[in-house]
Visitor: 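What follows is a single structure, and I will ask about it in a moment.
The chains referred to below are lettered A, B, ... by the order of the sequence lines, with proteins before strands, and numbering in each begins at 1. Atoms considered below: every heavy atom in the structure, side chains included; atoms not considered: hydrogens, waters and symmetry mates.
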Amino acid sequence: MKFAVIVFPGSNCDVDMYHAIKDELGEEVEYVWHDAESLDEFDGILLPGGFSYGDYLRTGAIARFSRVMQEVVKAAQAGKPVLGVCNGFQILLESGLLPGAMRRNESLKFICRPTKLKVENNQTMFTSLYEEGELVTIPIAHGEGNYYCDEETLQKLIANKQIVFTYENNPNGSLANIAGIINEQGNVLGMMPHPERAVDELLGGADGLKLFKAIVKQWREANVIKA
Amino acid sequence: MYKVKVYVTLRESVLDPQGAAVKNSLQSLSYHEVKDVRIGKYMELTIEKSERAVEEVVKEVCESLLANPVIEDYRYEIEEAVAP
């Protein structure tokens, strides 16, 4: 399976993402610059964290208009797995691939620490290797992770089981303790915590690795012809 | 030429953590008459005259980029400016 790590000016978790895929997962991965005009050769798209375009105006607001985002939308429509982490999640929200928006953390502080997440939905291509209700430890690092959507959207998210991860101890004021949501089709996941930073016990935990393994497993089952 | 002033603020229904912090600070400075603070952004645009009505252009840029309609409202003032 071949992954693309999209790199915007100001991305800073791209190397972590690359490392997770190449060294821990053992799959193919390439950096793709924000002006790329095609993602056809890739099977999975990863939007890393950081401060794309300096977070000017709003987080993710400028990145959304970069050339490659047209291709990310196409890939999402084609059903390819698209994972946005942290700033990547914010970009997915701004681009309308996921519903809602981010506000400043309730405390107004940038929070950087491991958090306990609950797997609310393990019936997705990203979470199939977790148990339903499993608690996992994955670090967060953000100043704007306070998720918001209107009541109607929230009810829809709940009814469709689109809330994939919630915080056990809400760190930022996020609505309904939301840490990660998926689109209705089930192939675009946005989450504030960084699974790519939890892929090796040496780094303090490997709870994030299963998320990437699940993507590969699903892709293999769908695309590799069994002999 | 037009000089356009755009104000973007969080919607009334959306909690504004920055505004709440500033309100608390003002109250701790004993300005108890300050009941609410909302923080927003102020932008000045200079727009050239074209075949399109300036309001139409301003609304478009506000909705496509300057404000996020999920959480923000915008308002604007348009002034005709004399080119220097």
Side-chain angles (χ1 to χ4, degrees), chain A residues 52-66 69-70 73 87 89-111 142-157 170-178 181 183 190, chain B residues 2-29 31 34-48 50 52 54 56-78:
Chain A
S52 57
Y53 299 88
D55 275 355
Y56 292 165
L57 199 61
R58 293 181 306 276
T59 55
I62 313 281
R64 176 213 162 171
F65 291 99
S66 55
M69 282 310 293
Q70 296 174 28
V73 170
N87 190 227
F89 185 10
Q90 294 162 339
I91 296 168
L92 291 175
L93 293 172
E94 281 284 340
S95 65
L97 284 170
L98 291 172
M102 286 298 172
R103 299 166 297 184
R104 287 281 297 275
N105 291 348
E106 219 165 42
S107 63
L108 300 179
K109 290 191 174 101
F110 187 97
I111 309 169
H142 60 249
E144 294 199 25
N146 183 351
Y147 179 81
Y148 174 85
C149 64
D150 60 28
E151 186 56 32
E152 191 191 334
T153 308
L154 178 64
Q155 290 312 321
K156 233 173 106 183
L157 290 177
N170 193 332
N172 53 25
S174 185
L175 185 76
N177 301 320
I178 286 173
I181 57 170
N183 64 342
Chain B
Y2 296 100
K3 192 126 217 147
V4 181
K5 298 171 177 173
V6 178
Y7 305 85
V8 177
T9 47
L10 281 173
R11 289 194 161 176
E12 284 298 323
S13 56
V14 177
L15 177 81
D16 173 6
Q18 284 188 87
V22 171
K23 183 195 78 182
N24 290 341
S25 298
L26 287 172
Q27 291 190 339
S28 67
L29 288 170
Y31 292 104
V34 178
K35 291 301 175 203
D36 196 22
V37 177
R38 308 286 293 174
I39 291 186
K41 296 177 192 126
Y42 169 67
M43 292 166 250
E44 281 183 355
L45 280 62
T46 306
I47 299 182
E48 224 170 24
S50 68
R52 300 179 63 198
V54 64
E56 193 184 309
V57 177
V58 173
K59 272 188 191 160
E60 260 182 43
V61 299
C62 284
E63 275 162 33
S64 62
L65 179 60
L66 300 186
N68 179 345
V70 178
I71 46 169
E72 292 172 327
D73 285 326
Y74 65 87
R75 62 188 176 84
Y76 54 84
E77 294 160 9
I78 299 174

Visitor: Is A/Asp150 close to chain B through its backbone or its side chain, or both, or neither, when contacts mean heavy atoms under 4.5 Å?
Guide: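 Nothing of A/Asp150, per the 4.5 Å heavy-atom cut-off to chain B.
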Visitor: Please indicate whether A/Tyr56 has more than 12 foreign heavy atoms, meaning atoms of other residues, nucleotides or ligands, lying under 6.0 Å from its OH.
Guide: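 No - once you tally the heavy atoms of other residues, nucleotides and ligands closer than 6.0 Å, there are 12 at most.
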Visitor: Let me confirm one number: the CZ-OG distance from A/Arg64 to B/Ser64, rounded to the nearest 0.5 Å.
Guide: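 Taking CZ in A/Arg64 and OG in B/Ser64, the distance rounds to 7.5 Å.
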Visitor: If you count heavy atoms of other groups shown closer than 6.0 angstrom to CD of A/Glu152, is the number above 12?
Guide: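 No - once you tally the heavy atoms of other residues, nucleotides and ligands closer than 6.0 Å, there are 12 at most.
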Visitor: What's the spacing between A/Tyr148 OH and B/Asn68 CG if we round to 0.5 Å?
Guide: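 Reported value, rounded in 0.5 Å steps: 11.0 Å.
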Visitor: With a 6.0 Å cut-off (strictly less than), is the heavy-atom count around CD of B/Glu48, excluding the residue itself, greater than 12?
Guide: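 Not buried by this count: 12 neighbours or fewer within 6.0 Å.
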Visitor: Closer than 3.5 angstrom, by distance alone: can the side chain of A/Arg58 be matched with the main-chain N or O of B/Leu66 as a donor-acceptor pair?
Guide: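 It does hold such a pair.
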Visitor: Look at atom NZ of B/Lys59 and say whether more than 12 heavy atoms of other residues, nucleotides or ligands are closer to it than 6.0 Å.
Guide: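 At most 12 heavy atoms, drawn from other residues, nucleotides or ligands, come within 6.0 Å of this atom.
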Visitor: Output the distance between atom CG (A/Leu93) and atom CD1 (B/Ile71), rounded to the nearest 0.5 Å.
Guide: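 A/Leu93 CG to B/Ile71 CD1: 9.5 Å, rounded to 0.5 Å.
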Visitor: Is A/Leu57 in contact with chain B via its backbone, its side chain, both, or neither, using a 4.5 Å heavy-atom distance?
Guide: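 Backbone plus side chain of A/Leu57, per the 4.5 Å heavy-atom cut-off to chain B.
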Visitor: Would you give the length of the straight line joining atom CZ of A/Arg103 to atom CG of B/Asp16, rounded to the nearest 0.5 angstrom?
Guide: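 Going from CZ on A/Arg103 over to CG on B/Asp16, the span is 9.5 Å.
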Visitor: Atom OH of residue position B/Tyr31 - does it have more than 12 heavy atoms of other residues, nucleotides or ligands inside 6.0 Å?
Guide: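 Not more than 12 within 6.0 Å, no.
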